[in-house]
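Below is one structure, written out as structure tokens; comments come after it.
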Amino acid sequence: MKRAARAIAPFFALAAGLLLAGASPAADQGAAFRASLAEAPLAPGVKPKAYDVTIVLYFDYQCAYCKKQHLSLMDLLQRDPRVRVVYRDWPVFGAVSQRAARLAIASQFQGRHAAFHDALMRTQGKLDEAALKAAARTARVDWERLQADLAANGAKIDALMRQTRSQASQLQLEGTPGMVIGNYIVPGAMNITGLMDVLKRVRAG
């Protein structure tokens, strides 16, 4: 679904319980919250050398609207080399979504996240273990190594996902997908035209 972008600056004062202008400590906290959305070391993403706008995407691999959003984002990245995307796994559709998210984050350790993420997003229907393995094969992910990487880094992955869940709550996102684009919150899916319009607004200040 397509929804209007909301200005993020006044919203953070409500969502994070912070005043972003005025008292210095509160302003510092607000800046720290903004930075935390995109700067978690383990959060996967696409980071060009010379980006000027960051899109933080909150999503679930079993969300039909997220799958459509993925295609629009892939289109956008082809058109605009100055966009960074940070993926925030927010599995809201149960245990299989949780499993998919943890596997996807762990696939970074063998350098296959982009391919695995794409394969999962292009998987039709509900996910199950067989579908997860099929997506891994499509993405040329070593399944045994993936399980080992997940076991070795599970605590860090779970901490990242807890942080993401907390952020989604603070941003008052009601479901997936949700995006933070520059200084705007987009509470829902947006097509390529809408994405380009928001980017134009962000770059215009």
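The basis for the numbers below is simple: all heavy atoms, side chains too, and nothing from hydrogens, waters or symmetry mates. Keep in mind that this is a model prediction, so the values were computed, not measured.
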**Report entry** Closest heavy-atom pair and its distance - Thr123, Ala131
**Finding:** CG2-CB, 4.3 Å
**Report entry** Least distance between heavy atoms, Arg88 atom then Leu37 atom
**Finding:** NE-O, 3.1 Å
Report task. Quick one: list whatever passes salt bridge (Lys or Arg N to Asp or Glu O under 4.0 Å) with Arg145, sequence neighbours left out. Result -> Asp149
Requested in this report: With sequence neighbours excluded, tell me which residues meet salt bridge (Lys or Arg N to Asp or Glu O under 4.0 Å) with Glu129.
Outcome: Arg99
Requested in this report: Calculate, to the nearest 0.5 Å, the distance between atoms CG and CD1 belonging to Asp89 and Ile105 respectively.
Outcome: 4.0 Å
Can you find a heavy atom in the side chain of [X] that is under 4.5 Å from one in the side chain of [Y]?
{"X": "Phe93", "Y": "Leu127", "result": "no"}
{"X": "Asn153", "Y": "Leu42", "result": "no"}
{"X": "Pro91", "Y": "Met161", "result": "yes"}

Requested in this report: Establish, from distance only, whether the side-chain atoms of Thr176 and Asp60 form a donor-acceptor pair under 3.5 Å.
Outcome: no
Report task. Can you run down the ring pair (Phe, Tyr, Trp, His ring centres under 6.0 Å) pairs that involve residues 117-147, sequence neighbours left out, and say none if there aren't any? Result -> Phe59-His117, Tyr61-His117, His70-His117, Tyr87-His117, His113-His117
Requested in this report: Inspect the contact between Asp197 and Arg201 and indicate whether a charged nitrogen and a carboxylate oxygen are less than 4.0 angstrom apart.
Outcome: yes
**Report entry** Among Arg84, Arg34, Lys47, salt bridge (Lys or Arg N to Asp or Glu O under 4.0 Å) partner for Glu39
**Finding:** Arg84
